[in-house]
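Just so it is clear, the values below take in all heavy atoms, side chains as well, and ignore hydrogens, waters and symmetry mates. As the structure is a computational prediction, the values presented were derived from the model and not from experiment.
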Amino acid sequence: MAKALILVVLALSVIAASSRTADEWRGRTIYQILTDRYARSDNSTTPCPDIGNYCGGTFKGIMSNLDYFKGMGFDAIWISPVVLNYQGAYHGYAALDFFSINPNFGTEQDLINLVDACHAKDIWVMVDIVGNHVAPVGFDYSKISPFNQSEHYHDYCEINDDDWDHNQTRVENCRIFNLPDLNQSNPFVREGLKNWVKWLINTFHVDGLRIDTVPEVQKDFWADFSTASGVYTVGEVFNGRYDYVAGYQGALSGTLNYPGYFNLKGIFQYGNSMYNFRAHYTNMNLFKDQGLLGNFADNHDNPRFLNGTSNIARYQNALNFVLSSVGIPIVYYGSEQGFSGGNDPGCREPLWGHMNTSSPLYQFLKTIISYRQQLKWWQYPQVERYADDNFYAFTRGEVLMAFTNSDNEVRRTITYHPYAEGTRLCNIFYPGDCVKVTNGSFDVFLEHGETKTFIVNGTHVVQ
């Protein structure tokens, strides 16, 4: 009865005035955190004995270490699902009670304090959520609150490997990993989830949502849910098909850019032709608004980039591409320390004991983000300036970004560009590395696989 009363009250609630719109998120740079793996409340750094279980990270731990990622320039974080979860589900994707906070992470007040502390430093908070399934309780739905009746779930069936590309109905109505599949066509479930997200936004004043397992639920529900939330929503559509993933933008503000991720990995990790970027961006026209997609090179569901190669220069190319290309950049915690974990849970290493603000990748990210924020290049279209098998360059406004998938020395002459004769361009990573537009062109030289970002006249940005 208490839960029912809560749902009635929440149905009348109004989304907090402080919530952020999708358009406002375009200029943010997101640092993805697994709450259980970032920092403990007491800041202890003893190793975790079993990364397949809880390791001790908390809301208080994040709050006491905001300056670590803020020091790189990140102004948004994505944290794990916050609701009460099944035993051992440190990741947060196995909800037991939608209206209770996971005590392993802290209390409701701890979460409120974390969000308030972030906002005080102009850091926006995105919370991961699940609206497709619940904890692995088999058929004992009495363990789930508030969705505790069999009619709240689809009839039992399990998604087969072949279904993902050939049977969308089964993808939407069957269980993934045998997790009970919520029936969003049931009025109680549909309204309950919408009221729950209003409670989440209003109570904790979070600024955005990352939504798990999006294709497993019908699009019309996500459209209603996203509207009810009143904030930027970015969905996980774990698929490389451009048309399939693009079909979910509109129902949600955006999606994680999995087509871009697979292309990025192929080019910089495996050395595929950089002409593939040209084909990629042609296909990306299927999306309604590429600027609202979440770009990434690593996340918690895939082996880290450096697990597939130890080549740091290639990784720097990938990270610079994520931070410079059209879309909202997302950097996974530990990337700045060169983490190289493999398949889940290997890619979910604890960060404590590794918060080195002098590490080369930390400083590399700090440099890019500082210029991104000062020059606001997300406001400008991305224009290809050169492409071949081993070199790719584009501009955003007056900033030119150059990349390579080769470990050898690469030199290219750029003739298609927006610069006037005599313009001096300097590399943000080495300010003394400058070129001048002469007779309508200039050379870009990349040594040993490096990436460069050129700005006009070597404009200095205070970091």
Side-chain angles (χ1 to χ4, degrees), residues 1-11 13 36 52-54 80-105 108 111 127-160 163-164 167-201 203-204 209-226 228-229 235-236 238:
M1 179 62 72
K3 290 295 185 185
L5 289 174
I6 288 173
L7 292 176
V8 171
V9 172
L10 287 172
S13 64
D36 184 61
N53 207 323
Y54 283 99
S80 305
V82 300
V83 302
L84 179 64
N85 259 242
Y86 191 74
Q87 59 186 14
Y90 67 90
H91 42 70
Y93 299 112
L96 285 172
D97 188 340
F98 283 73
F99 289 95
S100 295
I101 297 301
N102 189 337
N104 292 281
F105 297 160
E108 283 195 16
L111 180 54
V127 171
D128 207 333
I129 64 162
V130 185
N132 171 66
H133 57 264
V134 297
V137 297
F139 301 94
D140 187 3
Y141 305 124
S142 65
K143 294 180 179 178
I144 307 299
S145 180
F147 310 114
N148 55 16
Q149 303 296 318
S150 60
E151 60 263 29
H152 298 155
Y153 299 86
H154 290 119
D155 293 338
Y156 174 77
C157 57
E158 291 193 47
I159 300 173
N160 300 317
D163 292 335
W164 297 106
N167 197 326
Q168 184 63 28
T169 299
R170 283 181 55 84
V171 169
E172 292 174 358
N173 293 300
C174 298
R175 296 185 177 196
I176 183 172
F177 306 128
N178 200 25
L179 298 170
D181 197 70
L182 287 164
N183 181 4
Q184 293 79 12
S185 296
N186 177 284
F188 181 84
V189 174
R190 193 180 191 91
E191 294 306 309
L193 287 170
K194 288 160 60 178
N195 288 330
W196 165 65
V197 78
K198 292 176 185 178
W199 169 81
L200 187 71
I201 300 296
T203 303
F204 304 106
L209 300 172
R210 181 268 187 186
I211 303 178
D212 190 63
T213 49
V214 164
E216 290 84 341
V217 179
Q218 292 180 336
K219 293 173 185 174
D220 69 298
F221 170 76
W222 289 131
D224 285 351
F225 185 86
S226 185
S229 77
E236 178 208 29
F238 198 144

Whether the side chain of [X] engages the backbone of [Y] through a donor-acceptor N/O pair (distance < 3.5 Å, no angle test) should be reported.
X: Trp196; Y: Phe99; answer: no
X: Tyr153; Y: Phe147; answer: yes
X: Gln184; Y: Gly131; answer: yes
X: Asp163; Y: Ile159; answer: no
X: Asn132; Y: Thr213; answer: no

Check your understanding: Do the two ring centres, one from Phe188 and one from His152, sit under 6.0 Å apart?
Key ->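 Centroid separation for Phe188 and His152: below 6.0 Å.
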Review point. Do Phe98 and Trp199 make the cut of ring centroids closer than 6.0 angstrom?
Key: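 Distance test on ring centres: not under 6.0 Å, no.
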Check your understanding: So how far is it from Ser80 OG to Asp36 CG, rounded to the nearest 0.5 Å?
Key ->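 Rounded to the nearest 0.5 Å, the OG-CG separation comes to 7.5 Å.
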So do the side chains of [X] and [Y] get within less than 4.5 Å of each other, counting heavy atoms only?
X: Ile129; Y: Leu200; value: yes
X: Ser185; Y: Gln218; value: yes
X: Val137; Y: Pro180; value: yes
X: Asp97; Y: Asn85; value: no
X: Ile211; Y: Trp222; value: yes
X: His133; Y: Ile176; value: yes

Review point. Which word best sums up how the rings of Phe139 and Tyr141 line up, parallel for under 30°, tilted for 30 to 60°, or perpendicular for over 60°?
Key: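 Ring orientation, 0 to 90° scale: perpendicular.
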**Study point:** Charged N-O contact under 4.0 Å between Asp128 and Arg210
**Key:**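 Arg210 and Asp128: salt-bridged.
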Practice item. Using a strict cut-off of less than 4.0 Å between a Lys/Arg side-chain nitrogen and an Asp/Glu carboxylate oxygen, indicate whether Arg190 and Asp220 qualify as a salt bridge. Key: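 Looking at Asp220 together with Arg190, the answer is yes, because their closest N to O distance falls below 4.0 Å.
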**Study point:** side-chain hydrogen bond (donor to acceptor under 3.5 Å, both in side chains) between Tyr54 and Asn102, worked out
**Key:** CA-CA 12 Å; Tyr54 283 99; Asn102 189 337; 3.0 Å; yes
Exercise for review: Can you establish whether the number of heavy atoms outside Asp140 located under 6.0 Å from its atom CG is more than 12?
Suggested key: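 Buried by this count: over 12 neighbours within 6.0 Å.
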**Study point:** Heavy-atom neighbours of Phe177 CZ exceed 12 at 6.0 Å
**Key:**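 At most 12 heavy atoms, drawn from other residues, nucleotides or ligands, come within 6.0 Å of this atom.
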Check your understanding: Between the side chains of His154 and Asp181, is a donor N or O closer than 3.5 angstrom to an acceptor N or O?
Key ->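 Yes.
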